Structure formats: structure tokens, C-alpha cells
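Step one of this worksheet: look at the structure below.
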Amino acid sequence: MCSSDLAFKPVEYWSIVATLTHDGTEFTAKLHHVDGNKPEISNKASADQILSDLKARKTFDVTDIKRRERRKNPAEPFKTSTLQQEAAKKLGFGSKRTMRLAQNLYEGIELGRAEGAVGLITYMRTDSTRVAASAVTQAREWLATQYSPDYLAKNPMFYGAAGDSNAQDAHEGIRPTDPTRTPDAVQKHLTPEQFKLYQLIWQRFMASQMAPAVFDTTTVDFDIPANRRYLFRATGSVVKFPGFLSLYKEAREEGESKALEDEQALPAIEPGEKAPVVAITPNQHFTEPPPRFSEASLVKELERLGIGRPSTYASIISTLTDRHYAELEQRRFFPTPLGESVEKVMIKQFPHEFNVGFTADMEAELDKVEEGKLGWQRVLKEFYGPFDKALSAVDYEGLIQEAHDLSALAGEKCPQCGGRLVAKGGFFGPFVACEHHPKACKYTRPLKGERQPPQLTEHICPLCGKQMVIRRGRSGEFLGCSTFPKCRGTRSMPTGVKCPKDGGDIAARRSKKRGKAFYGCENYPKCDFVCWDKPVAEPCPECGNIGAEAKSNRTRGNYRRCLKCANEWSVADPAETTAEPATT
């Protein structure tokens, strides 16, 4: 969980995009080659030179068109890892939540007096996509009653674990126990969350027996002779036959490649025709580190590295937030100071055990033990011998020194007895104490210095009506009653923005189960207003309300969304700017 992106150094680069039109349809073409090579535009001066070369162009001539048909096959039925990934991306469910709901569906749902409790899905902890022939037959028979024959795969589609050396293949893939039992038919018996997950599983399995989607993909080249030769290329696709997409489409998140069905649709255009230029726009970018892990991408990475099993993915991920090693913000994991300290210390002290290859190798060895190919005594001896030696050599005071900068302690003396101050470990974490602690001297303090006196605020305790003070906890600052411990009233730290529903303070909060940060009205449960991005006290240009979510993504950069009217507007980003388009 090391924040490696902190050491990442962004590199500037530019792209040139031409907005063109044909028969009333606008489309974009990107600069693809300069003099036959990939463009390397590293600064604004280079981008401006290209604009200068092209400023006289009123039209782009079509020099080449390539058209071809592409087919996209449906995804295989779910296994545990892919179910957790898709539920996170499409439904916003965490791995633990997904598995809890799947357990409910597997154990049985009361479907009325006639049927009683019925298990709606097969076993949900599996690393196989294998499906029973009877289920395939049922699915195809139902699909044949709902779709024309063209929408059904030509032959029954059987999936399996072939090619996956880590798969145990003990259970079928995750599918509905009765494919003819549609989500709508059982919706009234399910909670909204159970319905969403069952619908996801049902649609994925049924789509796996449908025909591929067919796309017409087109690439249009515009070879522009100027001071240099500039090749602009427009790519697009059109759905020729939807196939399985008429029932199910996989979700995608930031960092994943664009799907065929998400590409732009190009107008009908032929070689030799001219496309009028609307604008040529230079865009400044900076290279970025890989996106932080989401729950979906982390499950995918665990599976790729061979770490854990279907039954352990959820517990591995929940440990990160339960122990405050990481926090979930905007569905991405961010390491806490505690997580960074643990990573720094443990990797140095136990480099072998904290290597991802160690865990994957241990999984493989345990599989061999289960198969009778390897003795468990040998595995245990080979692991515990070196580990016990490394554990005995740990310098606990040195660990604290590594995790925290305590160089200033060398010149400090105990304010009570004049003794030397040293770092010590305790049940609640490391602290600074007198060398004579605890027998001859009781002096202790936090690692970061003397405790600061609580700061009084104008906020009133909801329990006793006294003033509240700013305190610090494991999850950051919060408001606590000034009479503590007599009164234990607390409030989340206000953001300074008022709730658009009832005017109450919007405060930062964190969900207890997943540690996910969000912002909500302090008058909850009377007011149910929540938002996921940090509110800022900025006026909306549309309605004038003071308060907006500070949002950001790779496509739009930094922007705001009004908490009252949902109007969105862009804001300046000093790290990334977009030049004014050169209109013609």
C-alpha cells in the first residue's frame, strides 16, 4: 500500500485534436503521425508550431478509409473474483457486501407458500466458470422464446477453467439455479440490494449463451501536406448487430480501455471528400501514475498474482479499512499514515514474507499438501525456521525509529526528572517516555510532541449543551464535548458548507463497515442528505447557492457540482490547462 505515486514525476506532453464536420455531423480526428512518425509534442511551442502550419486549412481531405467488421463475444459466467469486480463497478458494492448478499441468495429466499425457501444461485465461492449442461439447455430454451434465432449462439456455450493453473474447479460458475426464473419474477421477494445482485448474475449467465455483438469499425485518415506531413486519424464504430449487448453490457472504470460500443459514430464519408474544419485544439497533458486500486481492480490483481482464494478476497480487502491501513475515497484506496508506516517497516524487517511471490508460492504449496504431493511438516518447517530467526532479530525500538523521525529526541530531557527520552511501544501504538518509565518516572507524551490543549469552538454539545472542542482520533479531527469524560458527546467536523435541504451543517463522516469517506447533514436521520465528494463554499453561477461538490476526473479535470441544483461548471487547474482552440 505504499504511495508510490508520491515519487512520480509528471512529464508534460501535448495532443492535437481536429473537430471536423460532414453532412451536419461533427466528429474528431487526432494527430496520429508527423512525417511518418508518432508525434512527440513536449511543450506549448511545439504545439503552436503545428497550429501555425495548419491555420490556413479550411478543410481536411480524406486520403484513406478502412472498414472492417469486428465481433465481440459475451463474457463467461461469473466466478467469485469477477462477480466482486463487476458488482463493485456496476453496483458500487464492496466485496464484503457482495458476498453477504450472494450468501443470502445461495442459502434461500422465501418465494411464497407454494415454493418456500429457494436457493436462487449456485455456490458463490468458486474459481471456475464451468456450467452444467442442463442449465445451458434451460437458458437457451428460454432465450429462444424471447429473442429471434439470430440472437442465440449457434452452439451451446460451455465454459471452464482451462488455462487457469490456479483454478481448483471444485464448483460450477455462479449462475441462477433456474435460468427461467427471471429477476422480475422474484423481485417482490427480494430486498433492493438482493434484486440488483441477482439481476446481475442472471443477466451475465443468460448473455453468455447469446450471439456475439457485431460492429462496423471505420478508420478515416486525413494526410495533410504542410511544412511537414501531418496525418490525422478518426476512428469510430457502429453497432451492426447487438447480440448479447441487448441483455448485458460489462461495466468499465477509470484506467480501463474504451469498449467498441463506446466509440464515436462517424458519418458516411468517402476517399477524396473534404471535411470542413470546425476547430483545431491543442491540449496540454501530464503523464500520470497508474490509478489507485479500487475494490474491483484490487480483486483482479489478487487473482492475477495468485494471492488468496475466492473465499478470502473479501476478508483481505476489508482488513485494509478495518485496521485503518487504507481509506476508501471516491471508491479508491488511499494509504493512511499508519498503513505507510507498516509498509515501510515490515518490508524492511521481513522482505521475504512481505513479497507477493511468497504468498502465491505458499498457496501453491498448500494445494500440493491437500493433494498429498507434499508433506505439511516439510512446508511448516521450511517456513517457520527462517521466519522465527527473522522475528528474533527484530529491534523494536529500531522499528519505531524507522517509522517515525525521532532525531529531535537525542537533545531532549524528561521535563519531570531530567532523564533521557526514548521511544517505546504500547497497546495503542508507539509513544515517547522517560527512560525511567514506569517505575521511577511517569512522564509520557505522543510521538509528535506535547499534547496541545483542546481548542474551543462555537459548536454546542448535542448531549449537554456545553461548548465543544477540536480533538483528534484515528480517523482525523472531530468535535468532542469540553467536559469530557463527564460528557462523551461528539460530532463530526463541519465542512463550513450548509445542507441544501434543511440548512444544517454538512460534516465529514466515515462508514463504520468499510471506512468509506462521505459527507452528510448533521441533522441525520431527520435529514438524509449525503454527497461523496468534499463540499466547498463556492457560489453556483446558475442558482447562486453557496456550496458545491469538488469533483475531478481524467476527462473533465477539476469541476464543481452545485449541491442544490446539480449545475456543473469547470474550475481552473494549475497542473493541467487546455489552450484556446484555433478556429478557422
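All figures in this text were calculated on a predicted structure; none of them were measured in a lab.
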Derivation of the side-chain hydrogen bond (donor to acceptor under 3.5 Å, both in side chains) call for Ser95 and Glu295: CA-CA 7 Å; Ser95 298; Glu295 292 211 28; 3.3 Å; yes
Taking all heavy atoms of Leu20 and all of Ala29, pick out the closest pair and write down the distance.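 Closest approach of Leu20 to Ala29: CD1-CB, 4.1 Å.
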Thr490 and Cys481: CA distance, side-chain angles, deciding distance, side chain to side chain contact (heavy atoms under 4.5 Å, CB included) verdict: CA-CA 6 Å; Thr490 61; Cys481 184; over 6 Å; no
Any side-chain heavy atom of [X] within less than 4.5 Å of one from [Y]?
X: Pro494; Y: Ile506; value: no
X: Thr219; Y: Arg233; value: yes
X: Ile470; Y: Leu479; value: yes
X: Phe215; Y: Lys240; value: no
X: Arg100; Y: Glu193; value: yes
X: Met468; Y: Cys461; value: yes
X: Gln187; Y: Thr182; value: no
X: Trp202; Y: Leu247; value: yes

Thinking salt bridges, do [X] and [Y] make one under a 4.0 Å N-O criterion?
X: Lys79; Y: Glu303; result: yes
X: Lys89; Y: Glu250; result: no
X: Asp505; Y: Lys498; result: yes
X: Glu549; Y: Lys534; result: no

So with a 6.0 Å cut-off around [atom1] of [X], is the heavy-atom count from everything else above 12?
X: Phe241; atom1: CZ; answer: yes
X: Lys564; atom1: NZ; answer: no
X: Lys30; atom1: NZ; answer: no

Checking Arg560 against Glu538 for the salt bridge (Lys or Arg N to Asp or Glu O under 4.0 Å) test, could you report, in this order, the C-alpha distance in whole Å, the side-chain angles of both residues, the deciding distance, and whether it holds? CA-CA 9 Å; Arg560 302 288 186 259; Glu538 296 182 13; 3.2 Å; yes
[X] side, atom [atom1]; [Y] side, atom [atom2] - distance, nearest 0.5 Å:
X: Thr122; Y: Tyr106; atom1: OG1; atom2: OH; result: 8.5 Å
X: Arg175; Y: Thr126; atom1: CZ; atom2: OG1; result: 11.5 Å
X: Ile121; Y: Gln103; atom1: CD1; atom2: CD; result: 8.5 Å
X: Asn523; Y: Asp528; atom1: CG; atom2: CG; result: 11.5 Å
X: Asn567; Y: Cys540; atom1: CG; atom2: SG; result: 4.5 Å

Partner residues of Asp533 under the salt bridge (charged side-chain N to carboxylate O under 4.0 Å, His left out) criterion, sequence neighbours left out: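 Counting only residues at least two positions away or on another chain, Asp533 forms a salt bridge (charged side-chain N to carboxylate O under 4.0 Å, His left out) with Lys551.
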Would you sort out whether Asp216 and Arg70 count as a salt bridge (Lys or Arg N to Asp or Glu O under 4.0 Å), showing the intermediate values? CA-CA 6 Å; Asp216 277 337; Arg70 293 183 65 182; over 6 Å; no
Expected output: side-chain [X] to main-chain [Y] donor-acceptor under 3.5 Å:
X: Thr82; Y: Phe78; result: no
X: Thr19; Y: Thr28; result: no
X: Arg332; Y: Arg292; result: yes
X: Gln194; Y: Thr191; result: yes
X: Glu12; Y: Gln284; result: no
X: Thr321; Y: Glu327; result: no
X: Thr483; Y: Lys466; result: no
X: Ser294; Y: Ser297; result: yes
X: Thr25; Y: Pro267; result: no
X: Ser246; Y: Pro242; result: no

I would like to know whether Ser46 and Asn43 meet side-chain hydrogen bond (donor to acceptor under 3.5 Å, both in side chains); could you show each step before the answer? CA-CA 6 Å; Ser46 300; Asn43 51 52; 3.0 Å; yes
Give the C-alpha distance, both sets of side-chain angles, the deciding distance and a yes or no for side chain to side chain contact (heavy atoms under 4.5 Å, CB included) between Asp322 and Lys96. CA-CA 12 Å; Asp322 292 346; Lys96 206 170 185 178; 3.9 Å; yes
Pair Gln199, Arg204: side-chain N/O donor-acceptor within cut-off below 3.5 Å: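 Side-chain D/A pair, Gln199 to Arg204: absent.
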Determine, stepwise, if the pair Arg304 / Glu301 fulfils salt bridge (Lys or Arg N to Asp or Glu O under 4.0 Å). CA-CA 5 Å; Arg304 184 185 73 81; Glu301 185 70 0; 2.8 Å; yes
State which residues pass side-chain hydrogen bond (donor to acceptor under 3.5 Å, both in side chains) with Asn73; sequence neighbours excluded, sorted by chain then number.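 Testing Asn73 for side-chain hydrogen bond (donor to acceptor under 3.5 Å, both in side chains), a comparison that skips the adjacent residues, returns none.
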Any cation-pi pair here, Lys90 with Tyr248, using under 6.0 Å and within 45°? yes
For this output row, return yes or no: ring centroids of Phe286 and Tyr13 closer than 6.0 angstrom. no
